[in-house]
Amino acid sequence: MSITKLAVSLASPLPKLESFDRYLFIGPHPDDIEIGAGATAAKLVSAGKNVAFLCCIDGRYGSGTVPPEALIPIRRAEAKASAAALGVADVRFLPFCDGGFYELNDLKSAIAKVVGEFKPDVILCPDPQVKSECHPDHLNVGRAASEIAYFAPYEGIMQHHGASAAPVKAIAYYMTASPNRYVKTSKVLLERQLSAIFG
């Protein structure tokens with residue numbers, strides 16, 4: 001470890017991710033949370049933590065055979081079943097259209113309202129800085145969730161989004177190319193993650 005990294009780690013230590021009580025996993029589409037962090041969510045639930053999932057984008061264009069409007073309720077039902085397989089009962093959905101067909105400020109405000117209601121200690125979302133990520137929904141949700149995580153404690157800013165302040169203490173990224181923390185999971189938790197993804 002370089003002297004610079006050591007100085008930064010001493011001056012601003014990373015929080016212990018599993019030491020909090022309330023966790024909001026924010027995903028672009030139904031299935032992204034399970035793929036990116038399913039075992040972590042299952043571990044937190046098993047430890048008695050309060051865990052909720054928020055799916056922001058409806059995933060209507062995720063099939064070449066099912067019409068878009070018919071696919072939305074199917075993907076919601078699948079997301080609820082996958083969350084249940086991980087032990088998560090609180091699953092919320094935003095109504096934004098797959099493919100980036102929405103305004104980013106509307107997405108931020110909708111996320112802010114859920115953050116204000118659930119009041120998480122930690123927000124987990126996709127890393128919006130991954131150089132190889134090309135999907136606008138993944139990038140937009142990561143950026144919006146990151147911004148709201150930062151501004152959540154500020155009542156005045158949250159009011160501009162029509163939301164209440166929330167005591168967010170940390171943000172963690174899944175689907176990242178630059179991890180600085182790992183959550184140790186077991187074979188059993190990995191099997192639960194795979195079960196949640198593949199049924």
Side-chain angles (χ1 to χ4, degrees), residues 14-63 66 71-94 96 98 111 114-115 118 120-135 137-146 149 168-199:
L14 292 172
K16 293 181 181 177
L17 189 63
E18 297 166 69
S19 67
F20 299 99
D21 295 316
R22 300 179 66 79
Y23 298 79
L24 179 62
F25 287 74
I26 300 177
H29 310 93
D31 76 12
D32 286 325
I33 295 171
E34 300 92 306
I35 291 169
T40 298
K43 181 176 185 179
L44 293 170
V45 171
S46 297
K49 308 294 185 176
N50 195 330
V51 176
F53 285 1
L54 173 63
C55 299
C56 299
I57 312 298
D58 60 23
R60 69 179 67 195
Y61 298 121
S63 171
V66 180
L71 189 58
I72 295 169
I74 293 171
R75 295 204 67 182
R76 284 191 175 194
E78 289 174 346
K80 288 179 181 177
S82 294
L86 298 170
V88 178
D90 188 348
V91 184
R92 305 174 191 209
F93 300 92
L94 298 180
F96 295 101
D98 201 4
I111 290 172
V114 175
V115 169
F118 183 72
D121 298 309
V122 181
I123 288 175
L124 297 97
C125 66
D127 185 349
Q129 303 297 324
V130 176
K131 291 180 182 178
S132 61
E133 179 59 79
C134 300
H135 199 309
D137 293 332
H138 290 210
L139 294 167
N140 289 339
V141 168
R143 287 186 191 113
S146 298
V168 175
K169 300 172 184 71
I171 184 167
Y173 293 124
Y174 60 89
M175 294 181 179
T176 182
S178 306
N180 58 9
R181 272 285 185 268
Y182 295 90
V183 174
K184 186 175 181 180
T185 57
S186 65
K187 182 179 178 183
V188 171
L189 292 171
L190 179 58
E191 287 171 355
R192 287 180 66 187
Q193 178 179 12
L194 294 174
S195 175
I197 295 168
F198 298 111

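- From Ile123, atom CD1 reaches atom CZ of Arg22 across 12.0 Å, with rounding to the nearest 0.5 Å.
- Here Tyr173 pairs with Ser146 under the side-chain hydrogen bond (donor to acceptor under 3.5 Å, both in side chains) rule; sequence neighbours left out.
- With sequence neighbours left out, the side-chain hydrogen bond (donor to acceptor under 3.5 Å, both in side chains) criterion links Ser195 to no other residue.
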### Message
Assess the residue pair Tyr174 and Ile33 against the criterion (side chain to side chain contact (heavy atoms under 4.5 Å, CB included)); give the C-alpha distance rounded to whole Å, side-chain angles, the decisive distance to 0.1 Å, and a yes or no.
### Response
CA-CA 8 Å; Tyr174 60 89; Ile33 295 171; 3.6 Å; yes

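- For residues 126-135, no residue pair satisfies the salt bridge (charged side-chain N to carboxylate O under 4.0 Å, His left out) rule, not counting sequence neighbours.
- Atom OG of Ser132 sits about 11.5 Å away from atom CE of Met175, to the nearest 0.5 Å.
- For residues 41-54, the pairs satisfying salt bridge (charged side-chain N to carboxylate O under 4.0 Å, His left out) are Glu18-Lys43, with sequence neighbours left out.
- Contact between Ile197 and Ile35 at its shortest, heavy atoms only, is CD1-CA, 3.8 Å.
- When all heavy atoms of Cys125 and Gly142 are compared, the closest pair comes out as SG-O, 4.1 Å.
- Applying the salt bridge (Lys or Arg N to Asp or Glu O under 4.0 Å) rule to Asp58 yields the partners Arg60; only residues at least two apart in sequence or on another chain are considered.
- Leu189 CG to Leu194 CG: the interatomic distance, rounded to the nearest 0.5 Å, is 11.0 Å.
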Identify every side-chain donor-acceptor pair in residues 81-89 under 3.5 Å, counting partners at least two apart or on other chains, and give the distances.
| from | atom 1 | to | atom 2 | distance (Å) |
| --- | --- | --- | --- | --- |
| Ser82 | OG | Glu78 | O | 3.0 |
| Ser82 | OG | Ala196 | O | 2.6 |

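- The two residues Pro28 and Asp137 make their nearest non-hydrogen contact at CB-O, 4.0 Å.
- Contact annotation: the side chain of Tyr23 never approaches that of Pro120 to less than 4.5 Å [non-hydrogen atoms, C-beta and beyond].
- Residues that satisfy the salt bridge (Lys or Arg N to Asp or Glu O under 4.0 Å) test with Arg92, not counting sequence neighbours, are Asp90, Glu117.
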### Message
Between Leu44 and Phe25, is the side chain to side chain contact (heavy atoms under 4.5 Å, CB included) condition met? List the steps.
### Response
CA-CA 11 Å; Leu44 293 170; Phe25 287 74; 3.8 Å; yes

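- Residues passing the side chain to side chain contact (heavy atoms under 4.5 Å, CB included) test with Val66 are Ser63, Ala70, Leu71, Ile74, sequence neighbours excluded.
- For the ring pair (Phe, Tyr, Trp, His ring centres under 6.0 Å) condition, the pairs that include at least one residue of residues 27-48, sequence neighbours left out, are His29-His135, His29-His138.
- For residues 27-36, the pairs satisfying salt bridge (charged side-chain N to carboxylate O under 4.0 Å, His left out) are Asp31-Arg75, with sequence neighbours left out.
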### Task
Would you please test Phe118 and Asn50 for side chain to side chain contact (heavy atoms under 4.5 Å, CB included) and show each step?
CA-CA 10 Å; Phe118 183 72; Asn50 195 330; 3.6 Å; yes

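- With Val141 as the fixed residue, the side-chain contact (heavy atoms from CB on, under 4.5 Å) test singles out one of Leu94, Leu54, Ile26: Ile26.
- Applying the salt bridge (Lys or Arg N to Asp or Glu O under 4.0 Å) rule to Asp121 yields the partners Lys169; only residues at least two apart in sequence or on another chain are considered.
- When all heavy atoms of Ala144 and Ile111 are compared, the pair lying nearest together is CB-CD1, 3.8 Å.
- In terms of the side-chain hydrogen bond (donor to acceptor under 3.5 Å, both in side chains) criterion, residue partners of Ser46 (sequence neighbours excluded) are, by chain and number, Arg192.
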